[in-house]
Every structure is written in structure tokens, then in C-alpha cells.
Amino acid sequence: MAGYIVKRIAVAILTLLVIICITFLLMNAVPGSPFLTEKSTPEMIARANAKYGLDKPLYVQLFNYIKNYARGDLGTSLKMQEGTSVSKIIFHQGKFALSLKLGLYALLLAVVIGIPLGCIAAYNRGKWIDGFLRVVTTVGVAVPTFVLATLLLVTFAVKLQKLPTLSGSLPDFKSYVMPVISLSFYYTCYVAKLTRTSMLDAINQDYIRTARAKGVKTRALILKHALRNSLIPVITYLGPVMAGIITGSFVVESTFSIPGLGKYFVQSVLSRDYPVIMATTVVLSALVILMNLVVDIAYKIVDPRITLTSKED
Amino acid sequence: MDGKFAKLSPFQVDPDKIPPVLPPLTEEDFSPAADEEKASMVEKHKSVSYWRDAWRRFRANTVSMVALAVFTLCLLFAFVGPKLIPYSYGDQYRSSQKLAPFTYSKGEETVRSIAGSCDGFYATALQRGSITALSKGDYFIRYKGRTYAFTLTKAVEKSVIILNSGAEEPLIVVKESAIKNGEYKDYKPIEFTDTPAEGATEIKLVNRVFPHVFGTDSAGRDIMARTMYGTRVSIIIGVVAALIVLVIGSIYGAISGLSGGAVDFVMMRIVELIYSIPEVLIVLLLQVVLKDPLQNWFDTSTSAFAQGLGDLGSGIVSIFITFALLYWVTMARIVRGQVLQLKQQEYVTAATALGAANGRIIRRHLLPNCVGQLVITTCLQIPSAIFLESFLSFLGLGVSAPMASLGSLCSDALETLSLYPYRLIFPGVILTVVVLTLNLVGDGLRDALDPRLKK
């Protein structure tokens with residue numbers, strides 16, 4: 001187990017390094033300079049380049065980035081208020097916390113609503129409630145996040161005026177409702193579908209029949225015997241969910257005007273703020289990779305039969 | 001012989017007494033069968049091909065069949081629809097800005113009222129863009145085998161040219177303002193001849209005005225035409241992206257699976273690495289990075305390939321590149337798994353023994369045998385590509401105006417959401433329906449092509 005975790009962490013760090021290299025190369029492939037404006041002269045650009053170390057050879061710049069990241073220094077922004085440190089923008093101004101809170105609530109909602117719905121559907125297989133849930137979840141995974149987000153916005157904020165149009169920095173419960181629902185809806189539906197399928201699989205196993213014959217109550221049967229085994233596919237899916245929620249947060253943050261990391265990332269890409277692009281990519285990738293790591297380990301805890309060292313085949 | 005032994009094995013026969021099963025083969029036995037021989041072959045059941053069998057199973061699946069029918073309707077809407085309505089996606093119609101669904105602009109309303117009382121008309125107000133007047137010059141109209149050629153000595157503005165072949169004066173010009181409740185008083189007859197002058201322009205008459213079924217946007221563009229066009233763009237992007245994934249993923253997976261050993265190990269580590277990269281971050285970067293270089297290439301290169309891609313625009317091309325770089329990994333994994341199973345089969349061993357090269361084995365034996373999996377995965381890749389494209393377009397990357405995709409239409413609608421929510425609902429609903437039906441068709445295909453997977 002310990003050996004496996006060490007190996008996975010090594011792979012995770014390698015992945016992160018590859019991501020840093022790819023991002024760096026892509027960023028430098030963009031023609032034009034971040035300092036190019038209508039008024040700037042070639043000398044001014046050269047001076048600015050020298051100041052921020054952009055005149056050095058690419059490999060030196062790349063090495064500097066990696067060295068600084070290893071020390072926890074995310075660099076300084078080229079655009080926002082001359083020399084603001086990126087880590088200050090991301091962490092101290094609450095952008096990261098905001099996005100993380102949004103993402104975690106969405107994840108929580110997907111799990112807390114999705115798994116019980118899947119269980120209910122599987123247990124009532126073939127009855128109207130199963131049919132109803134199947135229609136809802138099938139349609140649910142076909143609705144793009146931005147369509148749902150904007151529809152919610154029109155209905156509850158514009159027409160009914162029950163919820164705020166601009167969620168801002170999520171000051172109260174009301175401002176959370178729409179962003180979290182639209183972010184998690186797709187995943188709630190997907191988790192429910194997945195749970196239903198694997199629950200049905202589990203219910204048809206011999207040990208369930210044995211337990212039933214022994215006189216175990218239905219509720220205990222579902223919760224204690226079937227659920228544990230049917231959770232494995234759901235847990236494997238949670239890694240991609242986290243990546244998806246980050247993607248979704250770009251849309252949700254721009255729809256509800258939440259000043260989070262996603263919105264900031266899109267902005268920095270559009271304005272070519274190199275250190276910010278790098279830092280945001282690294283922070284978000286690290287989050288996704290960490291999540292995948294946690295999922296892989298959780299996988300092992302839920303199902304000790306799985307030998308993690310030979311994950312292939 | 002030992003009697004006890006003979007008793008114990010009643011089936012034992014004397015090998016010498018076994019009649020020969022087949023007479024010795026002669027040269028004639030290898031000649032092709034004659035027609036009557038073929039005809040005398042009795043087939044108890046007609047042999048069913050793989051695809052026919054799959055289609056039979058697919059047809060029995062009501063949900064998938066309904067989904068297929070609805071998706072076909074979407075295809076008709078996207079590909080045939082634009083030919084049926086008189087508006088086009090990029091044209092801005094004067095005086096028709098911000099119309100509600102199923103309405104006509106004021107000019108259209110005016111000329112619509114006279115539509116029943118004449119054979120056809122040409123209204124300057126209904127024309128596209130800035131063409132709001134007919135400049136002076138020679139024109140002709142063809143109607144029911146007859147030609148009406150005439151010369152305008154001065155420009156005609158805000159007027160309707162009406163053709164009524166039964167009337168005393170068949171060709172007249174009326175000021176739009178003179179038309180009220182389907183009647184007009186003030187009109188000028190136009191003199192005409194049968195033979196058009198050299199270089200005369202043909203005028204197309206219309207005899208009815210089509211409503212703006214989904215309304216129009218702030219620039220006076222018909223939203224239904226744009227939605228049809230956007231649906232077409234989205235579906236094409238989805239299909240092309242899925243094909244790119246299919247080609248790259250299946251080749252990569254087949255090579256990896258067939259090679260095995262160190263090659264397989266390295267190739268699969270690369271797949272794992274790409275798998276763990278959060279694609280969307282890289283996709284967003286790629287969109288921005290590729291925009292200028294691609295545009296540059298389109299502008300400077302003269303090759304037909306670059307020109308063709310240039311017509312699509314850099315946004316769409318970079319979506320394709322993104323798919324080619326990052327999204328083939330799932331396909332590669334699936335194909336590799338299949339190939340690992342299939343390469344144990346005897347026919348692959350036989351092909352190897354006969355000296356077939358690896359490329360031939362992949363092409364002739366392995367890929368055709370995992371075609372079911374390939375079809376299913378490709379089909380399910382289409383909606384995910386449509387999702388990604390609409391997501392990018394919604395963020396303002398991807399497709400750029402005057403082109404439209406379902407995502408960019410939703411994004412356009414966002415600006416005026418509180419006033420005109422239906423502008424979001426039409427493309428949003430169609431996007432959902434397309435993705436939903438494709439998902440259901442994909443599920444049906446999986447059940448039909450690979451019955452082992454059916455739960």
C-alpha cells in the first residue's frame with residue numbers, strides 16, 4: 001500500500017511537470033508580447049522583457065518557473081497592478097477558496113443526491129419511479145451546464161426574482177443555490193445512473209440472495225451489503241467529476257459573475273499574462289491530480305480485492 | 001480377442017471394417033460448382049450478416065428507434081431546412097431587428113397584405129443588408145414563360161414592384177407607404193418589353209413573406225436560419241472530431257496492442273499521462289495559441305487545403321487539433337484492449353504464419369473484428385465533441401461571427417437574456433435534443449452490436 005502511494009505520488013509529480021512544460025511551450029508559441037499596446041515602442045518592450053526575465057533563453061525561463069514553484073513561489077502578474085504576486089491574487093483574495101467551495105459543494109451534492117437516487121431507482125426497478133428517474137437522468141446528462149445555468153437564471157432571478165442575479169463572492173446561502181445546482185446537475189444525474197446500474201449488478205449476486213434467505217431486512221440489505229460493492233464504479237468516476245466540475249466552473253463563474261479562479265484563468269489567457277496562466281494551470285491541474293490520487297486510494301479502501309500494482313488489463 | 005474387454009467397450013469397432021468416409025479426391029472435385037448444383041443447395045435459414053443482425057436488434061429497441069427518428073429530424077432541420085426558408089444565417093434584414101417569434105417586420109406586414117392580390121412582388125424594404133433601393137439600370141423578370149424587361153431611370157426606394165399578369169397594367173411600382181390594408185391607390189405603371197437589354201439584371205419575385213419563426217436578433221438576422229446553420233456547424237464539428245479520434249485512436253491502440261512488450265509499455269504510459277492532464281485547461285490555451293498562427297497560415301498559404309480550412313475559421317480548426325492531440329486516448333485504450341484479445345485468435349496466427357506484415361494484420365484482421373466497438377465509441381464521441389465545442393463557443397472561443405454554432409448562439413442570447421429568453425431556449429433545446437438522441441442511439445448501437453455487453 002505504502003509503496004503504491006509513493007509510486008502514485010511520483011507519477012503525479014511527473015504529470016504536473018509535463019503539464020508545466022506543455023503550458024510553458026504553448027504560452028510561448030503565442031505570437032505577440034504581453035507588453036504590446038498601441039503606445040509601446042520596441043525599447044519599452046525590451047525593457048519590460050528584461051525586467052520580468054522574458055529576454056532569457058526559453059529553457060532558463062522554464063527552469064526558473066519550476067524552481068520557483070518548488071519553493072511555493074507562483075511569480076508576479078505582468079498585467080494586474082504592476083507586480084502583484086500571483087499567489088496573493090489566487091489565495092489571499094479568496095479566488096481559490098471561492099472556486100474550491102463551489103466545486104466541493106457541487107461534488108457533495110452530486111454524491112449526496114445521486115447515490116440515493118440510484119439506489120431508489122435500482123430498488124424499485126421497473127416501477128414508475130424508476131422510469132421517471134431514468135428519463136430525468138438521461139435528459140440530465142444531455143443538458144449543457146451553460147444552458148441549465150442560464151435557464152435557472154432567467155426563471156428564478158429574472159422572472160420570479162427569488163434569487164440574486166449576481167452571485168458575487170457568494171455571501172449567503174441564496175447566492176449558492178443556482179451556481180451549485182447548475183454545476184452539479186450533470187454529475188448528479190450521471191452518478192445516479194451509474195449507481196443504479198452497479199446496484200442492479202450487486203443485487204443479482206449470490207451473497208445478496210444468501211443474506212435475504214438469512215432474513216436480513218431490505219434496508220440493511222441495500223445499505224450494508226449491496227451499496228458497498230456498488231460504490232466502486234461511482235468512486236472511480238469521481239476523479240473525472242472533479243476535472244469536469246472545474247471545467248463547468250468556468251461557465252458557471254462567468255454566468256453568475258463569481259470572481260473565482262475559472263473566470264480569472266479565462267481572463268489571463270485572453271490577456272496573455274504568462275505567470276498567471278502558468279500558476280492557474282498548475283494550481284488547477286494539481287487539484288485534479290490530487291483528486292485522482294485520493295480517488296485511487298479510496299478505491300482500494302472500498303474494495304480490498306483490487307490489487308493496485310497491476311492496474312492494467 | 002479378450003472377451004471381457006469387448007464387453008466393457010461396446011463402441012469399439014474393428015478399424016479395418018470402418019467404411020471410408022470420403023472417396024479419394026479427384027481433380028474434378030476442385031472445379032467450381034455448376035449453377036444447378038448451387039440451386040440444389042438447401043438453405044434452412046438464410047444466413048444473416050453481422051450488420052443485418054445488428055439492425056434487427058436495433059430495430060427492436062423502441063427508445064433507440066425513436067431517438068434515431070428525432071435525430072434524423074434534427075439532421076433535416078440542419079441540412080434541408082435552410083433551403084426551405086428564404087432567410088440566410090449571415091444576412092441582416094433592415095427594419096426586422098428584435099422581432100418576437102412568428103412575427104413579420106413592419107415592411108413585411110405591409111407587403112404581406114397584398115400578397116394574395118398579385119402574382120408576385122419585389123419589395124426593396126425586404127432586401128438584405130444595406131440594399132434598400134434598386135439603383136437605376138436595366139432589369140428583367142421572368143414569370144410563367146414570359147419575360148418582362150424594363151429600365152429604371154432613377155432609383156426606386158421603399159417601394160414594391162408588383163407583377164399581376166391578369167391586370168391591365170401588369171407591372172407597377174407602388175410606394176410602401178401607399179399600401180394600407182391590402183389596398184393601394186397611388187401607383188406608377190412600368191413600361192416593359194419582351195427582350196431584356198444587354199447586361200440587364202434579373203429580379204426574383206416572391207409571392208409570400210415567410211414569418212421569422214424564432215424571431216430575429218438585434219442585428220436583424222433571422223434566428224431560425226441561424227439556429228439551422230448553427231446546428232449544422234455543431235453536428236459537422238462533432239462528426240469530424242469523432243472521425244479524427246477514430247483514426248488516431250484506433251491506429252495508436254492497434255499498434256500498441258499488437259506490438260506488446262516495451263513498445264506497448266511506453267505507448268500506454270503516454271496514454272496515461274495524457275489521460276491525467278486536465279484537458280480543458282490545455283484546450284483553452286490551445287484555442288488562444290492557435291488562433292493567430294492558423295489565421296496567418298490561411299491568409300498566406302495558397303494551397304487548396306489551407307483555403308478549405310480557412311473557410312472553416314481558426315476556431316473550428318483548433319477544436320479539431322485539440323481533439324487530435326488530447327481526446328483519442330479513450331479510443332486507443334478500447335482498441336488496444338480489443339486487439340489484445342483478438343491477437344490470440346487462430347486466424348491471426350495463421351496470417352502471421354503465411355507471412356503477413358503487421359500493417360496488413362491490423363488492417364485486414366484486427367480492425368474489422370473490433371468494428372462494433374469502434375462504431376459505438378465513435379458514435380458516443382460525437383455528443384461529447386458537440387458539448388466541448390459549445391462550451392468553448394459559449395466562453396467566446398471556438399466559432400466566431402458571422403458563423404454560428406449552437407454554443408455561440410446561446411452565448412449571443414446571454415446578453416439579452418432577461419428581455420428575450422427564447423433566444424437561448426431554441427438553440428439550447430436543440431443542443432440538448434441532439435446530444436440526448438445521439439447518446440440514446442449510441443446506447444442502442446452498443447446493445448445491438450455487442451450483445452455481450454447488454455445488462
Side-chain angles (χ1 to χ4, degrees), chain A residues 11-12 14-16 18-19 22-23 25-32 138-148 150-151 153-155 157-159 165 186 197 200-201 239 242-244 246-248 250-251 254-255 265-266 269-270 272 277 280-282 284-285 287-289 292 311-313, chain B residues 63 67 264-265 268-269 272-293 296 325 337 340 383 386-388 390-391 393-397 406-407 410-411 413-414 417-419 421 424-425 427-429 431-440 443 455:
Chain A
V11 172
L14 182 70
T15 314
L16 205 55
V18 170
I19 291 171
I22 293 177
T23 318
L25 288 177
L26 283 179
M27 232 165 49
N28 282 284
V30 188
T138 312
V139 174
V141 295
V143 183
T145 309
F146 59 84
V147 171
L148 182 69
T150 36
L151 283 182
L153 196 65
V154 173
T155 320
V158 179
K159 294 272 180 267
T165 327
Y186 176 94
T197 319
L200 284 179
D201 257 8
M242 197 59 206
I246 285 173
T247 317
F250 292 171
V251 166
S254 68
T255 312
F265 178 73
V266 177
V269 168
L270 293 174
R272 283 181 202 154
I277 300 176
T280 330
T281 312
V282 169
L284 289 177
S285 310
L287 193 65
V288 172
I289 291 168
N292 276 328
K311 234 182 110 187
E312 287 299 304
D313 333 311
Chain B
V63 175
D264 182 38
F265 182 81
M268 278 301 115
R269 291 298 87 73
E272 260 169 43
L273 201 67
I274 295 182
Y275 218 72
S276 54
I277 292 175
E279 315 107 0
V280 174
L281 297 173
I282 306 291
V283 170
L284 280 171
L285 270 180
L286 271 176
Q287 286 286 318
V288 178
V289 168
L290 291 172
K291 198 169 182 184
D292 291 344
N296 240 337
L325 287 177
L340 281 183
I386 293 177
F387 246 58
L388 181 74
S390 63
F391 161 76
S393 298
F394 185 78
L395 286 181
L397 300 155
L406 290 174
C410 290
S411 159
L414 196 59
L417 191 63
S418 46
L419 285 173
L424 173 85
I425 291 172
V429 165
L431 181 57
T432 307
V433 168
V434 168
V435 172
L436 177 66
T437 51
L438 278 172
N439 277 338
L440 292 175
D443 286 348
K455 289 268 155 69

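Numbers restart at 1 for each chain; the letters A, B, ... are given by sequence-line order, proteins then strands.
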Legend entry - Qualifying residues under side-chain contact (heavy atoms from CB on, under 4.5 Å), relative to Ala12(A), sequence neighbours excluded: Ile289(A)
Inset, instruction - Examine whether an atom of Leu436(B) lies under 4.5 Å from a heavy atom of chain A, and if so say whether it belongs to the side chain, the backbone or both; otherwise answer neither. - result: both
Legend entry - Rounded distance (nearest 0.5 Å) linking atom CZ of Phe387(B) with atom OG1 of Thr432(B): 7.5 Å
Inset, instruction - Let me know if Ile274(B) has heavy atoms under 4.5 Å from chain A in its side chain, its backbone, both or neither. - result: neither
Inset, instruction - Check whether Val18(A) gets within reach of chain B through its side chain, its backbone, both or neither, counting any heavy atom under 4.5 Å. - result: side chain
Inset, instruction - Identify the residue among Leu440(B), Asn439(B), Thr437(B), Leu431(B) that makes a side chain to side chain contact (heavy atoms under 4.5 Å, CB included) with Pro383(B). - result: Asn439(B)
Inset, instruction - Using modelled atom types only, decide if a donor and an acceptor are shared between the side chain of Ser411(B) and the backbone of Gly407(B) within a distance under 3.5 Å. - result: no
Legend entry - Those residues that, when tested against Val154(A), pass side-chain contact (heavy atoms from CB on, under 4.5 Å) (two or more places apart): Lys159(A), Leu417(B), Pro421(B)
Legend entry - Contacting region of Leu287(A) [heavy-atom separation from chain B under 4.5 Å]: neither
Legend entry - Interchain contact, Leu438(B) with chain A, by part (heavy-atom threshold 4.5 Å): neither
